[in-house]
Amino acid sequence: MNEVLSGMNVNLSYPAITTERVNRFVLCTSGDSVKVYSTRTEEWLHSLQGHTNQVTGIALNPANHLQVYSCSADGTVKLWDFIDGILIKTFIIGYPLFAIYVSEKHEGIVFLHIAMDTDSKKEGFQLVAVHLPKSAEQEVEAKELSAVSSHISPNPSCTAFGREGQYIAFARNLQLNVYFFRKQKTYSFSLKATDKKGAKNAFTCIACHPTDDCIATGHEDGKIRLWRNFIHKKEYTYSTQHWHHNAVNTLCFTPEGTNLLSGGIESVLVQWQYGTGNRKEFLPRLGGSILHVSASSDGQLFCTSHSDNKITVIESSFKVCGVIQGLVKGDAVLTDLMIDPRSKALVLNGKPGHLQFYSLLRDKHLYNLDIVQQEYIYEAGLDQFEVVKAAFDIKGYWLATVEERGQKSADLEFFLKLWSYDERTQSFVLNTTITAAHTDRIISMCFSSSEETTMLVTIAEDGQFKAWCQGVDADTKQDQNFWSCDFVGSYHNLKPTNCSFSADSSLLAVSFQEVITIWSPDTWELLTTLCQPPGVIRDLCFGRLSCSKYLISTTTRNLLCCWNLLTCALEWSTSVEVSKLQSDPLSENVAAFSYQSKHTDLFVFKPNEPRPLFTHKNVCSEKIHRAVFVPREEPLNNCDESSQWLNRSQLYFLTQNMDLLTFSTATEEDRMLSSSTRLVIDDSVAVTPFYLLLGKHRQQQQKLNTPSHQAADRPQQPQGSVTITELLHTPAHVLPPASVLCSMFVSSLLISNTGVLQDPLRKEMESSEQEMNSEKEEEDSEGEMEACDSQQELRVQGSVDEVTPKLSKAQERELKRVRKTDFSWMAGLIASKP
Amino acid sequence: MGEFKVHRVRFFDYMPSGIRALAFNRDIERIAVARMDGSVEVFHCSDRFFQEKIIPGREQCGIEGLSWVGERLFSAGLNGGITEYDLTNQKVKYTVDAYGGPIWTIAGNQQGTHLAVGCEDGTVKLFEVNEDKIQFERNLDRQKSRIISLSWHPSGSKIAAGMMDMIQIFNVETGHSVHRLLADRGVGTSRSKECVVWSVVYLSDGTIISGDSVGMVKLWDDQTGTLIKSHNVTKCDVLALSVSQNEDSLVAGTSEGTVVQFQFISMVLGKDDKEWVRTRTFKNHTHDIRAVAEITTAVVSGGMDAQLVVRPLLDKVEVRSAASALRKIHFPHRRLVSCARKSGLMLFQYPGHLELWRLGESEGKGMPGSSLFVKRNPEKLLHLKVKGEDHIRCSAVSPCGEWIVYSTASSLRLYRLHCDNNNVSITKISKLPMVLSSANQLCFSSDSSHLFSASTQSSVHLVSLSQSGCKFVGTLKPKSGERTIGFGVLHIIEDGKWLASANSDHEVHIYNLQTRKAHCTVPVYSSAVTAMGIHPTTNCLFMMYADQQMCEYSIEQKQYTDWSRMVQRKGLHRFWMERDTPCLNVMFNPQHPSHVILHDTYMLCIIDQSLPLPDDKTQFYNQLTLKSLPEEQRKSHSHAFKVCKTFKDILCVELMSDQSLVVVERPLEDVASQLPAPIKQKKFAT
């Protein structure tokens, strides 16, 4: 069983964008792999896997536009064919690498950032040139290192190649250095740290003009300076432009050098016209702050990567044409991890003021739900509303959110909002806003889990817990559809710490400091109190299914207690420091994350026995505060003892680095592997689900032309339902005309039927049926299809002959035979259909 | 340091006038400044921008342009005349009417032979510069609209003229127009407004650079008459352009108060194809910049906010020093206030009138640093308007407060003040001796019995004053009497027995008043004297120079004193040398003979000659440190310079005979608040 990183991580380093000739891919680093996306469909194509540590930089090979270099902290530089995802070569450098630069004029040489001294903790980096040896071997040791400069900024944006690779410019703090390769001379220019007006002059990024000797630098206070004449110690000069109000994160010249792109925290991409002073264009509201900008080498596309784990693809006409969104990463996740019961999507804080819905199944961001409904201002140090709590009811019909402002200052503002799911619009609609739900901050809330009535319980620092119902109005006696307070409870004026409903919603447990109170939600009667000092109760959860008589609590004093609610006695307790307790809604299992001596351990147990079912030491080095069990679509049948607990649902948890991790079983990994091989198809068309549909269709066409076909060659025909979902989930604008799709749609339906039949002759039938379909298709709409072909952008493949080749007599005979069999078979099929 | 009761005077509403034109003369390193009120000032660029000469203006005399021809300075204005100045005597030499209506611009060619003026009636008039006069030569082709700006090609064969919506290039030989370059109007609503070409510059390679009211700096080719490149510099107007001597740098002043620099640099290093690239932007003004000049190592700019800003170009400065720092000149380097030391009266000199004030009185004693209760408010006694159109050049009130004298370029008037209780009246002394027709500098003797007037000639006239009237006593002339030139600025310092005068040639002469003979001459120093004083007991002349050096010269022994030699030997502290305004007054405290009181615009300083001099390692501003030290250690830490920075924007400090100090301040915020509103600009986060 392995931990698997989920929720792609795309913003760590410069994305590389490829040119039209190789069909436009976006490459970006993601953990220890490089991910390849299609710019057209925004789909993830494949990963380049092979590094053993964080990939820190990528650079397209200037000598071969189908290859990319990647460097990693594991001390290797790898050369990939990124279209097929093949590792071509590995160069072992031997030091952790932090950035990579290549230049057209320096063939066979890569420039790398390495740490100055591995022993000292000082942030010293040096820039080295590495000669990559030419050899046929797969793994080569590159030992020819020559230092270009020491004292390099750790920020990879602060180094750039100049015109024709003649010089390299790098900045650190307040100093700009330009190293000329031919003269082997460095020119340095420094700025004052501040001036009278309080400008902060530290360099943050750098870019060089492709044809002029002009270096653009970005600064901490948002200024952009264009340096010229930098071969003179004194007569150098620069012009200053200022638009960004905060540090400039990234700069990039377009390949022709006509424009300069800049981005920062404002999340506005600014395009400065080079040479005409301050004429500029803006592309605002791109999302999180812009971290990197890069342009494709033909200047047609730009892409920006954002702090919220997103890549935006922008056309040169300054229009957004694609968004590749990973799991949105804000500054912190304040809400719990939740599962939307309807879409089975993971729900957590997304964009500021939003909740994001993330499909774990497809590892894809679905959408953001605007909770705060106020414009977010991208500026550091502002106190703005944030969603801090959210909860779903069991059917997914209600969503409760709490947004808060002024956590740091004294005047706290917060709203409790209730959202109902609107079937018509297929989204959540604001139902009730409660402005003063409590007099102090809401600590926690939960929905009752019963099917009949939905009830929300909130607990707050003012010592009260309140129950909210979609109640009956006292005056008019009419059913309202908005929420009001039903009950206010408190216990000895103690501050509540957590609340939980039992699985059948017959009991509500609210913990007040060291005391757990059990209430009946029907009568609001205090049934009993449970107390086991020392320590304030931190987490509460009821057992499920066969263990529903148990209540588990954790305290701040490293105690995990299990109460038997029938006897109201402590069943067992153990001393373990638990940072997060999470129960699986589909099984009896409870997961506890324990943080001890700088690493987190995971225990999975059933409440009826104090022995852990499963233990995993050293899950990660950070404290885990958020975790969730995600129910599986269909349960696995694992007999392996250690992974049995994963049969019903999967456990996801979030580290403090905002990495979403999960446990996967061996069978799953096998499946993943097979799916990835399925994706490797040699074609110039980007591999997307749609392509798979269309590609198969073409294969069939080809096979018709070549009579000696082998059914075994073909990939397994997907299930009908899968095809339909693929169809429906592909963006409409990339779909071919309905006439093309229609026949395939029908054929997919037919296959699903045969699949159900489980006929031993299925394969044969299937193949013949497909032939029939495709044949019919050809007969019906050949002319039309040709027309469509030429329209379809995706069909770059020119190998399909548009003129029907002449068939040999033998082939014709074969065809006739096929036809005959078809008709007889078809009649039976139609009859069998309901 | 001594304790003083200080009259903090803030009722002198001095308003510096806006700067209209600048002209730089590279050969003599002088920059001439024309102000809105018609006055012309000359600054010495290599002597810390000391204001050497002030030629007061006249009513209704708007200067629009300034031009040097050789060492001669010409101006032209909206009254339609061309004026040459007599710089030695600091007055107008003559005015020639151009007969073309108001003149918008004047430009002299580099050869120094001709002046061209652009007139309202659309003519460019050429004047020949003769030995002593200028002579109208001819008109170039008359145009339909007024000529706003002119620039000569360095060869002198062509002239570019900026007009409404266009630039004309004239051939000087034929007088015909060679090319017409059309400047685009702005877009949108400003399309209906004419584009005014405020400034043109003709480079030797044939490039014409223009700045216009659309906010563009445009580069034109004079061979083809085509636009090469245009830079949008501002949303408002580009009002002034100036190019450096080697034509590799250009500065443009805008009405937003910014100076934008363009540089002629190669886009690809090491290659020769150069382009004009916009580089730096300096923002030191709040209002329109009406004039810029790129001098050798700095950019000088002036505008509506009445300050002259010298922004050094660090890439051209050889050694960075205090002399090459950013400098803002707000106030004249001349005293505008004179005090009657004995009677507590103050005379404020405005361009067109004089004001006489009586200082207020306060009660009791207070803690050092606290403000006292004012028993009697200061009171304006007199408002004396100048007869005629000329502005006041100098004025003085006698120590006893009975005499007021002022001089304009054409006349000198002496009044006797009668002041009993609340009735103030003046009588004009009618019969003045002939020598008192005009004066460059005026001064009363300490016993108010004599008036000294530095004449426009090389001498100081001595007039005795009595109840009945005044009588010419004699003239003090330096020993080398044959000298006639360079008698500009005069500081007359009188000590009963000795009188010292300094002129703009940096010469300081000392006269014996009893014998009325020249006594001696102080060795000439390279920098101008900004202030001096004669010590009442030791009879030493204490002099302050524009480069912040100081000297003490013993009159009796005719040599520098030991203290002065020590100062020269040890050198002055870095902080002292880095101050950027000259010392304007030297005073002595009779109670502490070793104390010398000095002031400049930003500080008041007392030099205790009995204490050791500071070297560069000692803390210069050490008052606070000294306060914290115990009594016995103070001695070892103290040094000669005691600086008080309580007061800011000082126009004048005077020590009254009752041991109180008068500090006349003119806060720059008050000056700024009286300026017209600047162009509204959107500021971020407002």
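Below, chain A is the first sequence line, B the second, and so on; all start at residue 1.
- The distance from atom OG1 of A:T237 to atom CZ of B:R278, rounded to the nearest 0.5 Å, is 12.0 Å.
- Only the side chain of B:K229 comes within contact range of chain A, with heavy atoms under 4.5 Å apart.
- More than 12 heavy atoms of other residues, nucleotides or ligands sit less than 6.0 Å from atom NZ of B:K328.
- Residue B:M304 places its CE atom among 12 or fewer non-hydrogen atoms of other residues, nucleotides or ligands, all under 6.0 Å distant.
- Dense packing is recorded around CD of A:E413, with more than 12 heavy atoms of other residues, nucleotides or ligands lying under 6.0 Å away.
- In this structure, CD1 in A:I231 is found 6.5 Å from OG in B:S266, a value given to the nearest 0.5 Å.
- More than 12 heavy atoms of other residues, nucleotides or ligands sit less than 6.0 Å from atom NZ of A:K234.
- Counted within 6.0 Å of NZ on A:K183, heavy atoms from surrounding residues, nucleotides or ligands total more than 12; the atom is thus considered enclosed.
- Sparse packing is recorded around CD of A:E107, with 12 or fewer heavy atoms of other residues, nucleotides or ligands lying under 6.0 Å away.
- With rounding to the nearest 0.5 Å, the separation of NE2 in A:H232 from CD1 in B:I265 is 9.0 Å.
- Put simply, OG1 on A:T240 and CZ on B:F282 are 9.5 Å apart, with the number rounded to the nearest 0.5 Å.
- Heavy atoms closer than 4.5 Å to chain B are found in the side chain of A:F180, but not in its backbone.
- Listed here is the closest heavy atom pair of B:M267 and A:Y274: CE-OH, 3.4 Å.
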Show me the side-chain donor-acceptor pairs of residues 203-214 of chain B shorter than 3.5 Å, one per line, residues at least two apart or across chains.
residue: B:S204; atom: OG; partner: B:E247; partner atom: OE1; Å: 2.7
residue: B:S204; atom: OG; partner: B:E247; partner atom: OE2; Å: 3.4
residue: B:D205; atom: OD1; partner: B:T207; partner atom: N; Å: 3.1
residue: B:D205; atom: OD1; partner: B:T207; partner atom: OG1; Å: 2.9
residue: B:D205; atom: OD2; partner: B:T207; partner atom: OG1; Å: 3.4
residue: B:S210; atom: OG; partner: B:W220; partner atom: NE1; Å: 3.1
residue: B:D212; atom: OD1; partner: B:V214; partner atom: N; Å: 3.1
residue: B:D212; atom: OD1; partner: B:G215; partner atom: N; Å: 3.3
residue: B:D212; atom: OD1; partner: B:M216; partner atom: N; Å: 3.1
residue: B:S213; atom: OG; partner: B:V196; partner atom: N; Å: 2.9

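- Residue contact with chain A, scored on non-hydrogen atoms closer than 4.5 Å, involves the side chain of B:V277 exclusively.
- A donor-acceptor contact shorter than 3.5 Å links the side chain of A:D213 to the backbone of B:L269.
- For the atom pair CD (B:E275) and CZ (A:R228), the distance works out to 8.5 Å, reported to the nearest 0.5 Å.
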